[in-house]
S.K.: 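Structure below; questions to follow.
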Amino acid sequence: SPEANWMKVYIGGEYIGIYPNTESVNKQFLKKHFDFNDGVLIKCDPASQFGSSTPWESPDLAWYGADSSIYYNRYDLKTANGWAELVNLIDILNNSPDDLEDVLNIDRVLWYLAASMVISNYDSYNGYYIHNYYLYLHENGLFQILPWDLSEIFIGALLGNGVVQGDDQYE
């Protein structure tokens, strides 16, 4: 995951507050963490964001068909190509799960899912708002999942009204 720290921010000499500073997920990050930076990189964040008038189309890895253009508003491709690889991953995940180990680093995904649950990251693939993660296709042919934007951990997300968790209701 990206490195992060806190920064004291001053504007014109006036103290504004403490803000998180997070490492960018880019070629430098990929080289540092994977020793390979020529793979497909996909930011799993929809084109529509909170406050937008366009409908939210979640990067939920659900199968919507073989036409890659169906996924354009759900994912942000950060490399020159990769739509075919993403559609293939989604196809296998939904339609041929026995072949998943051929396209996905399942061990790392399970660690990601477990950590997201432990820290109550509701702004993740397995959270209330399904987004804020990256997929990276490594040279070994397996997609890796990378957490991103952990600002909503420990149930810090704006959950809306009537979200139910177990027997408790949060508003």
Side-chain angles (χ1 to χ4, degrees), residues 1-2 24-27 29-30 33-34 36-153 155 157-166 170:
S1 74
S24 294
V25 177
N26 55 21
K27 284 193 172 279
F29 170 90
L30 297 170
H33 292 279
F34 294 102
F36 175 76
N37 63 3
D38 290 329
V40 172
L41 181 63
I42 302 157
K43 187 173 185 183
C44 301
D45 233 1
S48 171
Q49 292 295 317
F50 300 108
S52 173
S53 60
T54 57
W56 176 272
E57 294 184 67
S58 177
D60 56 9
L61 297 176
W63 179 249
Y64 295 102
D67 181 356
S68 63
S69 68
I70 296 168
Y71 302 93
Y72 290 175
N73 288 333
R74 297 175 182 277
Y75 304 91
D76 184 6
L77 192 64
K78 296 296 186 182
T79 49
N81 56 28
W83 288 111
E85 292 85 347
L86 175 62
V87 171
N88 182 57
L89 169 67
I90 293 171
D91 183 18
I92 291 172
L93 177 64
N94 289 274
N95 301 316
S96 304
D98 289 343
D99 298 327
L100 197 54
E101 66 185 13
D102 297 333
V103 295
L104 185 66
N105 185 335
I106 295 172
D107 179 64
R108 294 293 91 196
V109 169
L110 291 174
W111 276 99
Y112 164 83
L113 295 172
S116 290
M117 291 303 295
V118 168
I119 63 173
S120 301
N121 185 9
Y122 287 6
D123 225 6
S124 64
Y125 173 75
N126 57 325
Y128 183 74
Y129 298 115
I130 302 170
H131 75 128
N132 280 346
Y133 65 100
Y134 280 86
L135 292 171
Y136 180 56
L137 182 57
H138 191 267
E139 67 182 333
N140 66 9
L142 299 178
F143 272 100
Q144 315 293 318
I145 192 165
L146 305 169
W148 176 249
D149 189 2
L150 299 175
S151 65
E152 306 303 328
I153 62 172
I155 314 176
L158 175 61
L159 296 176
N161 292 325
V163 175
V164 177
Q165 278 292 342
Y170 298 97

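No hydrogens, no waters, no symmetry mates; every other heavy atom, side chains included, goes into these values.
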S.K.: For Glu57, enumerate each residue passing the side chain to side chain contact (heavy atoms under 4.5 Å, CB included) test, keeping only those at least two apart in sequence or located in another chain.
M.R.: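 With neighbours one apart ignored, the set is Asn73, Arg74.
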S.K.: Quick check: closest heavy atoms across Cys44 and Pro59, and the distance to 0.1 Å?
M.R.: O-CG, 3.4 Å
S.K.: Decide if the gap between the ring center of Phe34 and the ring center of Tyr136 is smaller than 6.0 angstrom.
M.R.: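 Yes, the ring of Phe34 comes within the 6.0 Å limit of the ring of Tyr136, centre to centre.
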S.K.: Check step by step if side chain to side chain contact (heavy atoms under 4.5 Å, CB included) holds for Leu30 and Phe36.
M.R.: CA-CA 6 Å; Leu30 297 170; Phe36 175 76; over 6 Å; no
S.K.: Going from CG on Asn88 to CG on Leu137, what distance comes out if it is rounded to the nearest 0.5 angstrom?
M.R.: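 Answer for the CG-CG pair, Asn88 versus Leu137, is 9.5 Å.
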S.K.: Can you tell if the side chain of Trp56 reaches within under 4.5 Å of the side chain of Pro46, non-hydrogen atoms only?
M.R.: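 They are in contact (side-chain heavy atoms under 4.5 Å apart), so the answer is yes.
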S.K.: Checking side chain to side chain contact (heavy atoms under 4.5 Å, CB included) for the pair Leu77/Trp83: CA distance, chi angles, key distance, verdict?
M.R.: CA-CA 8 Å; Leu77 192 64; Trp83 288 111; 3.2 Å; yes
S.K.: With sequence neighbours excluded, what pairs up with Ser24 under the side-chain hydrogen bond (donor to acceptor under 3.5 Å, both in side chains) test?
M.R.: none
S.K.: Take atom CH2 of Trp111 as the centre, draw a 6.0 Å sphere, and report whether it contains more than 12 heavy atoms from other residues, nucleotides or ligands.
M.R.: no
S.K.: Measure the CD1-CG distance between Ile42 and Leu86 for me, rounded to the nearest 0.5 Å.
M.R.: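 Ile42 CD1 to Leu86 CG: 4.0 Å, rounded to 0.5 Å.
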S.K.: Quick one: ring-ring contact (aromatic ring centres under 6.0 Å, His included) partners of Phe29, sequence neighbours excluded?
M.R.: His33
S.K.: One pair to check against side chain to side chain contact (heavy atoms under 4.5 Å, CB included): Tyr112 and Ser124. What are the steps and the verdict?
M.R.: CA-CA 10 Å; Tyr112 164 83; Ser124 64; 3.3 Å; yes
S.K.: Does the gap between the ring centers of Trp148 and His131 come in under 6.0 Å?
M.R.: no
S.K.: Under the side-chain hydrogen bond (donor to acceptor under 3.5 Å, both in side chains) definition, can you give me all pairs with a residue in residues 95-107, not counting sequence neighbours?
M.R.: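 Applying side-chain hydrogen bond (donor to acceptor under 3.5 Å, both in side chains) to every pair that reaches into residues 95-107, excluding sequence neighbours, yields Asp91-Asn95, Asn105-Gln144.
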S.K.: Return the minimal non-hydrogen interatomic distance between Leu104 and Phe143, and the atom names on each side.
M.R.: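 Shortest heavy-atom contact: CD1-O, 3.5 Å.
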S.K.: Which pair of non-hydrogen atoms, one from Ala66 and one from Val87, has the smallest distance, and what is that distance?
M.R.: O-CG1, 3.8 Å
S.K.: Which pair of non-hydrogen atoms, one from Leu61 and one from Ile90, has the smallest distance, and what is that distance?
M.R.: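 Result for this residue pair: O-CG2, 3.6 Å.
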S.K.: Scan Ile145, Leu41, Val40 and name whichever one has a side chain to side chain contact (heavy atoms under 4.5 Å, CB included) with Leu135.
M.R.: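 Filter result, single survivor: Ile145.
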S.K.: Using the six-membered ring wherever Trp is involved, compare the ring planes of Tyr71 and Tyr75 and label them parallel, tilted or perpendicular (cut-offs 30° and 60°).
M.R.: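 The arrangement is tilted - the two ring planes meet at 30° to 60°.
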S.K.: Once you round to the nearest 0.5 Å, how far does OG of Ser58 lie from CG of Asp45?
M.R.: 10.0 Å
S.K.: To the nearest 0.5 Å, tell me how far Ser116 OG sits from Tyr125 OH.
M.R.: 11.5 Å
S.K.: Can you sort out the partners of Lys43 under side-chain hydrogen bond (donor to acceptor under 3.5 Å, both in side chains), two or more places apart, ordered by chain and number?
M.R.: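 Scan of Lys43 (side-chain hydrogen bond (donor to acceptor under 3.5 Å, both in side chains), adjacent residues dropped) gives none.
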S.K.: Going by side chain to side chain contact (heavy atoms under 4.5 Å, CB included), name the residues that satisfy it together with Ile70, two or more places apart in sequence or in a different chain.
M.R.: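 Side chain to side chain contact (heavy atoms under 4.5 Å, CB included) list for Ile70, sorted by chain: Tyr64, Asp67.
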